[in-house]
Engineer: 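A single structure is presented below for examination.
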Amino acid sequence: MGSLSAIWRQARTVSNKLKTHPMKKFYSIILALVFASAISAQNLLTVREVFDFSIGDKFQISGNVPGQPPNRDRITIVGKYYSIGSDTLFYLRSHDSYYTTMLLEPPYLK
């Protein structure tokens, strides 16, 4: 075991190495404040903002699954109305599906 003074010197040396320069602390604080303000700069979207469709909006969806023919869907918003309590918005839509068929059996020959 080392003497108490040697242990004390070693502890002071380690703590001196761990001390940071005052400018590093300043820059760290500034950086933390910038990140904090950037994080709170955007508001979260509400459900109403995400699902605020207009009459005439069109959505096209395509599906390509391996081993199956390609499929396409087209949805058009044709109307919207509120519930009796005016707390729910309902959308009326027109849905067109386009698909192809594949004949996997060989043709029947007579």
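Position 1 is the first residue of the sequence, and the numbers go up from there.
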Engineer: Determine whether Y81 and L89 fall in the same hydrophobic cluster, where Ile, Leu, Val, Met, Phe, Trp and Tyr are linked whenever their side-chain heavy atoms lie under 4.5 Å apart.
Structural biologist: no
Engineer: Using side-chain contact (heavy atoms from CB on, under 4.5 Å) as the criterion, list what pairs up with D57, not counting sequence neighbours.
Structural biologist: F53, S54, F59, I77
Engineer: Give every residue pair that meets the salt bridge (Lys or Arg N to Asp or Glu O under 4.0 Å) criterion with at least one member in residues 89-98, sequence neighbours excluded.
Structural biologist: R74-D96
Engineer: For T76 and Q60: C-alpha separation, side-chain torsions, deciding distance, then whether side chain to side chain contact (heavy atoms under 4.5 Å, CB included) applies.
Structural biologist: CA-CA 9 Å; T76 305; Q60 295 182 5; over 6 Å; no
Engineer: Please lay out, stage by stage, how H95 and D73 fare under the test side chain to side chain contact (heavy atoms under 4.5 Å, CB included).
Structural biologist: CA-CA 7 Å; H95 187 170; D73 293 314; 3.4 Å; yes
Engineer: Decide yes or no on side chain to side chain contact (heavy atoms under 4.5 Å, CB included) for I61 and I75, but give the supporting numbers first.
Structural biologist: CA-CA 8 Å; I61 304 165; I75 299 171; 4.1 Å; yes
Engineer: Taking side-chain contact (heavy atoms from CB on, under 4.5 Å) as the test, write out the residues that go with S62, two or more places apart.
Structural biologist: R72
Engineer: With a 4.5 Å cut-off on side-chain heavy atoms, are D87 and Y82 touching?
Structural biologist: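 No, side chains not in contact.
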